[in-house]
Amino acid sequence: MPVHNSEIATIFDHVADLLEIEDANRFRVRAYRNAADTIRDLGRSLEDMLEEGADLSDLPDIGEDLADKIAKIVRTGQLPLLEEISDDVPEAIVKATRIPGIGPKRARALFKALDLSSVDDLRDAAEEGDIAEIEGFGEKTQTRIRKELKEGVIEDERLRLDVAEDFAAPLMEWIRNIEGVSKAEIAGSYRRRKETVGDLDILVQGEDGSAIIDCFTEYDEVEDIASKGKTRSTVTLRSGLQVDLRVIPEPSWGAALYYFTGSKSHNIAGRRRAQDRELKLNEYGLFDGETRIAGATEKEVYDGIDLPWIHPVLRESRGEIEAAENGELPELVESEDIKGDLHAHTTASDGKNSLKEMAQVAQDKGYEYLAITDHSKSQTQAGGLSEDAFHRQVDEIAELNDEFHGFRLLASCEVDILEDGRLDFPDKLLERLDLVVASVHSKLDLSEDKQTERLIRTMDNPLVSIIGHPTGRQIGERKAFALDMEQVLAAAKDRGCVLELNANPIRLDLKDVHCRLAAETGVDIAISTDAHSTGGLDNMRYGIDQARRGWLAAENIVNTRSWGNLSKMLRRT
DNA sequence: GCCGTTTTCGGCCCGACTGTTTTCAGTCG
């Protein structure tokens with residue numbers, strides 16, 4: 001049974017959540033979280049490593065105990081420890097900790113004091129005013145719980161794209177190897193590269209539908225088979241991910257791919273165009289009366305409704321059909337356009353690899369440059385550097401650069417934005433750097449006006465090159481902070497400041513629509529990984545997908561330029 | 001639970017804020 005790194009990491013994170021609620025030793029809790037981080041960033045399959053006889057306790061933050069536990073998970077798919085503590089802690093308490101301001105301690109106290117057992121119980125208690133009556137809780141907490149539950153923050157079941165990929169890749173390999181399968185593709189929001197997916201829509205082409213579906217449902221990770229026929233099957237994987245498989249005849253392949261890729265509103269627009277031409281478009285093809293006139297390829301289908309092929313990332317009914325009609329579809333940025341990464345951490349702050357190791361991997365990727373952006377001093381929890389330590393790092397980078405050919409490390413810093421928009425480091429230090437990334441890490445709950453003013457104030461400083469993860473959101477974890485994006489973009493345009501598209505699949509911050517708005521406003525974007533390890537540099541592709549969903553071309557992205565050009569662009573003084 | 005070592009156990013990140021209470025525990029980044 002294949003066990004993925006992300007599953008193991010999720011198990012460890014879950015153990016940490018439960019231990020925290022049980023008030024376990026906080027360092028033990030952190031050990032599980034650290035191990036989960038290491039596993040997620042690994043880039044190699046733990047299962048493969050075990051097969052090769054590797055000693056997992058050689059990995060950072062993995063000792064003998066956790067190495068054993070990993071082996072156990074790989075062997076059995078389960079961790080007995082997790083089963084044990086899950087029995088003691090209701091899942092609803094874990095969910096309650098996703099409410100801002102409610103941590104493990106208060107969640108437990110809440111459930112105990114009111115004898116609750118579900119999220120619905122919690123909602124009722126908040127509505128009836130019971131929570132404010134508990135010692136240590138008050139009106140504000142109660143109002144907040146009520147509001148967060150109303151917004152459904154803790155019920156969102158969509159999977160992040162990177163997590164879905166982790167399950168999709170081996171499943172697709174399995175499907176492509178089924179006898180008689182000549183083609184297989186994932187459609188739906190996965191193909192559109194949306195930041196989260198609800199389920200996987202898989203299309204296959206092949207001869208014997210029943211046989212293919214029989215084989216599909218025998219996949220190791222299938223836990224539940226909801227339906228199973230000659231052309232279609234729906235299953236749920238062990239991870240909870242729902243998968244729909246459809247067997248498509250060759251003449252309908254393109255039409256089905258078009259139909260199941262969506263989005264729904266893009267499809268509706270396509271069908272309307274067909275109607276206007278007295279044709280009918282469905283998942284089987286484009287029909288003139290009873291005669292199929294197109295359907296084998298997507299291009300054929302688009303041709304039939306007088307449009308050029310439209311890239312899946314654009315199919316959101318955001319003007320792509322009009323643009324296609326007028327020959328104005330964007331020339332989307334490609335991975336090959338990227339010449340470097342402008343946001344990365346090292347062991348100096350909270351990264352896992354050294355300057356040298358990060359530089360080596362960046363060079364292996366063919367980059368011309370990599371900006372080292374360790375945290376500034378107020379990020380104490382992330383090992384933020386003192387001013388002295390920063391000066392030393394700049395010197396160290398200069399020395400290292402003497403050894404490189406056709407590549408350079410850029411001396412930079414992810415400097416904290418203080419509450420009033422000023423920076424955590426003096427200009428005198430920042431002047432020494434090749435560029436400056438400024439980010440908000442504190443005071444996330446300011447009013448929209450204050451937060452907007454804060455960022456604009458930051459951009460007033462001409463030493464600031466790039467605003468890092470501009471809205472602070474973390475998908476499924478934390479909402480974006482309140483911000484008037486149009487004002488921020490206008491100010492960035494005025495000041496020649498660049499906004500980051502953080503490529504970490506947890507952040508993808510800016511959102512696609514904001515990327516597009518930026519381009520329309522004339523604000524340039526930096527696609528940066530915010531890598532905390534060499535493996536983290538691979539996240540660039542998620543940023544590129546997101547940029548493409550925002551209609552961005554290479555010319556909108558600053559790190560498609562060589563350092564010579566880029567350094568001139570970033571200089572605002 | 002990991003790590004580093006003074007190889008057997010102590011230290012592990014910590015300052016600021018919030019809502020509550022009136023001196024601080026819990027949460028957050």
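Chain identifiers are assigned alphabetically (A, B, ...) following the order of the sequence lines, protein sequences preceding nucleic acid strands; residue numbering begins at 1 within each chain. In this text the structure is predicted, and so the values were computed from the model without any measurement. All values below come from the heavy atoms of this structure, side chains included, with hydrogens, waters and symmetry mates left out.
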Nearest-Å distance once atom [atom1] is located in both [N] and [M]:
N: B:dT20; M: B:dT27; atom1: P; result: 13 Å
N: B:dT21; M: B:dA16; atom1: P; result: 25 Å
N: B:dT22; M: B:dG15; atom1: P; result: 26 Å
N: B:dC12; M: B:dC17; atom1: P; result: 24 Å
N: B:dG11; M: B:dT6; atom1: C1'; result: 14 Å
N: B:dT7; M: B:dG1; atom1: P; result: 24 Å

>> Heavy atoms only, 4.0 Å cut-off, all strands: where does A:Leu59 land among base, sugar-phosphate and nothing?
In response: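 Sugar-phosphate, backbone atoms only, no base.
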> Within the structure shown, what part of the strands sits under 4.0 Å from A:Lys69 by heavy-atom distance: base, sugar-phosphate, or nothing?
Replying inline: sugar-phosphate
Provide, to the nearest angstrom, the distance between the [atom1] atom belonging to [X] and the [atom2] atom belonging to [N].
X: A:Ile417; N: B:dG29; atom1: CD1; atom2: P; value: 16 Å
X: A:Lys352; N: B:dC2; atom1: NZ; atom2: P; value: 14 Å
X: A:Leu81; N: B:dG1; atom1: CG; atom2: C1'; value: 11 Å
X: A:Asn25; N: B:dG10; atom1: CG; atom2: C1'; value: 12 Å
X: A:Glu20; N: B:dA25; atom1: CD; atom2: C1'; value: 14 Å
X: A:Lys140; N: B:dT27; atom1: NZ; atom2: P; value: 17 Å
X: A:Leu110; N: B:dG26; atom1: CG; atom2: P; value: 14 Å
X: A:Glu419; N: B:dC17; atom1: CD; atom2: P; value: 8 Å

Of the candidate nucleotides [options], which contains the atom at the shortest distance from the side chain of [X]?
X: A:Lys105; options: B:dT27, B:dC12, B:dG19; result: B:dT27
X: A:Arg106; options: B:dG1, B:dG29, B:dT27; result: B:dT27
X: A:Arg28; options: B:dG29, B:dG19, B:dG1; result: B:dG1
X: A:Leu66; options: B:dC2, B:dT27, B:dG19; result: B:dC2
X: A:Glu135; options: B:dT27, B:dT21, B:dT18; result: B:dT21

>> With ring-ring contact (aromatic ring centres under 6.0 Å, His included) as the criterion, how do A:His532 and A:His343 come out once you've worked through the C-alpha distance, each side chain's angles and the decisive distance to 0.1 Å?
In response: CA-CA 9 Å; A:His532 283 70; A:His343 188 160; 7.4 Å; no
> Closest heavy-atom contact between A:Gly77 and A:Ile11?
Replying inline: O-CD1, 4.5 Å
> Hey, is the main chain of A:Thr471 close enough, under 3.5 Å, to the side chain of A:Asp509 for a donor-acceptor pair?
Replying inline: yes
Check the phosphate of [N] against [X], side-chain N and O only, distance under 4.0 Å to OP1 or OP2. Yes or no?
X: A:Thr141; N: B:dT20; value: yes
X: A:Lys443; N: B:dT18; value: yes
X: A:Arg478; N: B:dG29; value: yes

> Is the base of B:dT7 syn or anti, where syn means the angle lies within 90° of 0?
Replying inline: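 Syn.
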> When the nearest nucleotide of DNA chain B is assigned to A:Phe137 and to A:Phe27 on a heavy-atom basis, which residue is associated with the more 5' position?
Replying inline: A:Phe27
> Relative to the 5' end of DNA chain B, which residue comes earlier, A:Gly63 or A:Leu444, by the nucleotide with the nearest heavy atom?
Replying inline: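 Its nucleotide being nearer the 5' end, the pick is A:Gly63.
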> Judged by modelled atom types alone, do A:Asn353 and A:His345 share a side-chain donor-acceptor pair under 3.5 Å?
Replying inline: no
> Paired with B:dG19: which nucleotide, if any, by Watson-Crick or G-U wobble criteria at under 3.5 Å for both distances?
Replying inline: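 Per the H-bond distance test, B:dC24.
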> Quick one: salt bridge (charged side-chain N to carboxylate O under 4.0 Å, His left out) pairs with a partner in residues 493-503 of chain A, sequence neighbours left out?
Replying inline: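 Salt bridge (charged side-chain N to carboxylate O under 4.0 Å, His left out) check on residues 493-503 of chain A returns A:Asp460-A:Arg495.
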>> Would A:Arg193 pass as a cation-pi partner of A:Tyr190, given that its NZ or CZ must be under 6.0 Å from the six-membered ring centre and within 45 degrees of the axis?
In response: yes
>> What verdict does the side-chain hydrogen bond (donor to acceptor under 3.5 Å, both in side chains) test give for A:Thr97 and A:Asp17, after you've listed the backbone C-alpha separation in whole Å, the side-chain angles of each residue and the deciding distance to 0.1 Å?
In response: CA-CA 9 Å; A:Thr97 61; A:Asp17 289 343; 6.0 Å; no
